[in-house]
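Below is one structure; the comments refer to it alone.
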Amino acid sequence: MSQFTLWSSYLSNPRCDLPEWHHLAGLQAEIQVRTVLKHAWAAISHKLQYKREEDVPQVLRRRLFRLSALLELADEEFMSLRNKTTALTQEIEQQLSKGETNLEINLLTVEEFLRTSQEVIQLISHADKSGFSFEDYESGETSNSTSDIVTFCKKIGLPSISSLKTVIQESLEWSQSYLQNQRKASKLGWEVSPGFICTLILIRKFQDQFEVLDLSNLGWDKEVALRVLSIAKAKDH
């Protein structure tokens, strides 16, 4: 279980000729890479001070080997899940590119929908004109807002990407004035992700099904949640 992947390399000749790298010419760098679970096993065996198989007391050997086998199996399963996730993402991408939108609402389908949907592109254009900024949002925030969309869709009963697409499409008639009101109510700059803009649309469209607690439970600041809901339920857009 303690195996690792090893790379070994020297500096290339062109780089060795540079004054700041010249003193490192001829030195060899070695990089060892192992998975998190392999690292965990190495840490466990080190703590137990067992360097070789024969060091392990016979009474403990079977349990230690079982633990090693379980970690190795878990490692293989994680790699399999990662590969299947990649394959599923590619399949979803192909389906959406062909116009197939009768897909289950989940994190993968929503992420791909946000990335490729022409309706979302139009919506983001409205948000940009309303003063929202999309330049500095972090990838973690993107993932969080996508997860919020999945949660909202489950709550309001949207079963598929097709139904989400319809909501976004219908919102284009009123989204710009609504987003302008949301943006004006914020005293500070508002850097957002495309997914967050879609959550604002869902809140406006299904306003009667949302309360401050629903947003707070997803990590929203209570003051922001109250303000967003108040504007969503107003009648001036």
Quiz item: Do the side chains of I203 and L215 get nearer than 4.5 Å, heavy atoms only?
Solution: yes

Exercise. Calculate, to the nearest 0.5 Å, the distance between atoms CD and CD belonging to E91 and Q95 respectively.
Key: 5.0 Å

Exercise. Could you tell me the separation between the CG atom of L202 and the CD atom of Q209, rounded to the nearest 0.5 Å?
Key: 10.5 Å

Quiz item: Does the side chain to side chain contact (heavy atoms under 4.5 Å, CB included) test come out yes or no for R183 and S186, once each step is laid out?
Solution: CA-CA 5 Å; R183 176 63 189 89; S186 175; 4.0 Å; yes

Self-check item: R227 side, atom CZ; D221 side, atom CG - distance, nearest 0.5 Å
Solution: 8.5 Å

Exercise. Using the side-chain contact (heavy atoms from CB on, under 4.5 Å) rule, pick out the option among I149, V228, L218 that qualifies with T199.
Key: I149

Quiz prompt | Whether S171 side chain and I168 backbone form a donor-acceptor pair below 3.5 Å | solution = yes

Exercise. Take I161 and L96 through the test side chain to side chain contact (heavy atoms under 4.5 Å, CB included) and record every step on the way to the result.
Key: CA-CA 9 Å; I161 292 297; L96 289 177; 4.2 Å; yes

Self-check item: Over 12 foreign heavy atoms within 6.0 Å of CG, N83
Solution: yes

Self-check item: Rounded distance (nearest 0.5 Å) linking atom CG of L164 with atom CG of L103
Solution: 11.0 Å

Quiz item: Side chains of S175 and I201: closer than 4.5 Å at any heavy-atom pair?
Solution: yes

Self-check item: Within one Ile-Leu-Val-Met-Phe-Trp-Tyr cluster: V224 and L213, side-chain cutoff 4.5 Å
Solution: no

Self-check item: Aromatic centroids of F134 and W190 separated by under 6.0 Å
Solution: no

Practice problem: Report the C-alpha separation of E170 and K205 in whole Å, then their side-chain angles, then the decisive distance to 0.1 Å, and conclude whether the side chain to side chain contact (heavy atoms under 4.5 Å, CB included) test is met. | Solution: CA-CA 10 Å; E170 292 175 350; K205 176 70 174 179; 3.5 Å; yes

Quiz item: Linking I/L/V/M/F/W/Y whenever any side-chain heavy atoms sit under 4.5 Å apart, do L179 and L172 land together?
Solution: yes

Quiz item: About how many Å separate CG of L108 and CZ of F113, when rounded to the nearest 0.5 Å?
Solution: 15.0 Å

Practice problem: Work out which heavy atom in S193 is nearest to a heavy atom in S145; give both atom names and the distance. | Solution: OG-OG, 2.8 Å

Quiz item: S163 and S160: which non-hydrogen atoms are nearest, and at how many Å?
Solution: OG-O, 2.6 Å

Quiz item: Above 12 or not: heavy atoms from other molecules or residues under 6.0 Å from NZ of K222?
Solution: no

Practice problem: Verify the cluster assignment for L88 and V110: are they in a single hydrophobic cluster under the rule of side-chain heavy atoms below 4.5 Å apart? | Solution: yes

Quiz item: Do K154 and V150 have side-chain heavy atoms sitting under 4.5 Å apart?
Solution: yes

Quiz prompt | Criterion side chain to side chain contact (heavy atoms under 4.5 Å, CB included) on D214 and W220, from CA distance to verdict | solution = CA-CA 9 Å; D214 296 316; W220 287 47; over 6 Å; no

Quiz prompt | Cluster link L107 to L81, ILVMFWY, side chain under 4.5 Å | solution = no

Quiz item: Do T151 and D148 pass the side chain to side chain donor-acceptor pair (under 3.5 Å) test, and can you show the C-alpha distance, the side-chain angles, and the key distance before you say yes or no?
Solution: CA-CA 5 Å; T151 300; D148 287 353; 5.3 Å; no

Practice problem: Verify, without hydrogens or angle tests, whether Y178 (side chain) and I231 (backbone) share a donor-acceptor contact under 3.5 angstrom. | Solution: no

Quiz item: Is there a side-chain contact between S125 and K129, using heavy atoms and a 4.5 Å cut-off?
Solution: yes

Quiz item: Would you call V192 and S133 a side-chain contact if the rule is heavy atoms closer than 4.5 Å?
Solution: no

Practice problem: Check whether any side-chain heavy atom of P159 sits under 4.5 Å from a side-chain heavy atom of I105, and report yes or no. | Solution: no

Quiz prompt | E111 and R115, any side-chain heavy atoms less than 4.5 Å apart | solution = no

Practice problem: Would you indicate whether the side-chain heavy atoms of E104 and T109 approach each other to under 4.5 Å? | Solution: no

Self-check item: Near-ring test F206/F152, centroid separation under 6.0 angstrom
Solution: no

Exercise. Would you kindly confirm whether F132 and W174 end up in one hydrophobic cluster when ILVMFWY residues are joined by side chain heavy atoms under 4.5 Å apart?
Key: yes

Quiz item: Taking atom OG1 of T116 and atom CD1 of I92, what is their separation to the nearest 0.5 Å?
Solution: 10.5 Å

